[in-house]
Amino acid sequence: MRIPIAHALRRASVIVTLPALLAGWGVAARAIPRLDLTPYPKPSAGQTRWVIQLPGVLPPGTDPRLSPHPSDWRVQLIPGREVEADCNQQAFRGRFRASKLKGLGASVYTVSDVGPTVSTRMACPPGQAKRKVFVPMGSKPFVVPYDASRPIVLYTPKDLQLRWRLWKAEKVQQPAQAL
């Protein structure tokens, strides 16, 4: 049975895991234990709690230039909105905040101060149909360290969705030039 990813990402308290995504694509994945979220606060009214459980071991990559060590990896968190758009560019702003949980030492992330979606105002070609697009918040990427031993927990306003992607560093370090 295939599970639409967009549907899985819209639930009120969502756990997004690589095995779950692979299962949705019909790829065999191993079972993962249920996460204990008791140390993490419940989402307040109007918020969604998103949980990303990273896999500890990923299959080896095909690019020999990329580091296989998780200490060299980062996870980009991409909150956004799906909007009906024409040919114009869409954007909106918000603020990321990281805080530590007392006693656990784990970070939790919150998106706040979310503004309205704004758009350029170009004239679109006649008859061009509108389309659904995912508009990511802000212009700078928000990255966190890769740590498979703890979930990444993010709280957003209910009208936002969350996507993420993995960043891997190159093995080779380049020398800088002193001027």
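Numbering of residues begins at 1 and proceeds along the displayed sequence.
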Colleague: Look only at the side chain of Lys168 and the backbone of Ser67, and say whether a donor-acceptor pair between them is shorter than 3.5 Å.
Modeller: no

Colleague: Apply side chain to side chain contact (heavy atoms under 4.5 Å, CB included) to residues Lys158 and Gln47 and explain how you reach the verdict.
Modeller: CA-CA 5 Å; Lys158 278 212 183 279; Gln47 276 189 331; 5.6 Å; no

Colleague: Compare all side-chain heavy atoms of Val51 with those of Tyr40 and state whether any distance is below 4.5 angstrom.
Modeller: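 No. Closest side-chain heavy atoms not under 4.5 Å.
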
Colleague: Using the ring-ring contact (aromatic ring centres under 6.0 Å, His included) rule, collect all pairs that involve residues 76-95, keeping only residues at least two apart or in two chains.
Modeller: none

Colleague: Provide the closest heavy-atom pair for Leu154 versus Thr110 in the form atom of the first, atom of the second, distance.
Modeller: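 Heavy atoms only, the tightest pair is CD1-N, 4.1 Å.
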
Colleague: Begin with the C-alpha distance, continue with both residues' side-chain angles, and end with the deciding distance and a verdict on side chain to side chain contact (heavy atoms under 4.5 Å, CB included) for Leu77 and Ile52.
Modeller: CA-CA 10 Å; Leu77 302 176; Ile52 301 168; 3.8 Å; yes

Colleague: A side-chain contact here means heavy atoms from C-beta on lying under 4.5 Å apart; do Val108 and Lys100 qualify?
Modeller: no

Colleague: Tell me whether Lys140 at atom NZ has more than 12 heavy atoms from other residues, nucleotides or ligands lying less than 6.0 Å away.
Modeller: no

Colleague: Of all heavy-atom pairs between Val143 and Arg74, which one has the smallest distance, and what is that distance?
Modeller: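 Closest pair (atom of Val143, atom of Arg74, distance): CB-CB, 4.2 Å.
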
Colleague: Would Glu82 and Gln161 count as a side chain to side chain contact (heavy atoms under 4.5 Å, CB included) here? Give the steps.
Modeller: CA-CA 8 Å; Glu82 259 197 29; Gln161 296 176 16; 3.8 Å; yes

Colleague: Quick one: closest heavy-atom pair of Leu160 and Trp50, and the distance?
Modeller: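 Between these two residues, the closest heavy atoms are O-CZ2, 3.4 Å.
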
Colleague: Could you verify whether a donor N or O on one side chain and an acceptor N or O on the other, from Ser112 and Arg97, lie under 3.5 Å apart?
Modeller: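 No, no side-chain donor-acceptor contact under 3.5 Å.
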
Colleague: Angle class for the Phe142/Tyr109 ring planes (parallel below 30°, perpendicular above 60°, tilted otherwise)?
Modeller: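 The rings of Phe142 and Tyr109 stand perpendicular, inter-plane angle above 60°.
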
Colleague: Is the cationic atom of Arg163 (NZ for Lys, CZ for Arg) positioned less than 6.0 Å from the six-membered ring centroid of Phe134 and within 45 degrees of its normal?
Modeller: yes

Colleague: Can a donor-acceptor pair be found, under 3.5 Å and without considering hydrogens, that links the side chain of Arg81 to the backbone of Asp159?
Modeller: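 Pair absent, no side-chain N/O of Arg81 close to backbone of Asp159.
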
Colleague: Taking the side chain as every heavy atom from C-beta outward, state whether Arg49 and Val153 have any pair of such atoms under 4.5 Å apart.
Modeller: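 The answer is yes, as the side chains (C-beta and beyond) meet within the 4.5 Å cut-off.
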
Colleague: Where do Ser119 and Asn88 come nearest, in terms of heavy atoms and distance?
Modeller: OG-CB, 3.2 Å

Colleague: Quick check: closest heavy atoms across Cys87 and Gln128, and the distance to 0.1 Å?
Modeller: CB-OE1, 3.1 Å

Colleague: More than 12 non-hydrogen atoms from neighbouring residues, nucleotides or ligands closer than 6.0 Å to CZ on Arg65, yes or no?
Modeller: no

Colleague: Is a side-chain N or O of Tyr155 found less than 3.5 angstrom from the main chain of Pro41, in a donor-acceptor match?
Modeller: yes

Colleague: Whether the side chain of Gln76 engages the backbone of Val144 through a donor-acceptor N/O pair (distance < 3.5 Å, no angle test) should be reported.
Modeller: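 No, Gln76 side chain to Val144 backbone: no donor-acceptor pair under 3.5 Å.
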
Colleague: Please give me the minimum heavy-atom distance between Ala148 and Gln53, naming the atom from each residue.
Modeller: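 Taking Ala148 first and Gln53 second, the nearest heavy atoms are O-NE2, 3.2 Å.
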
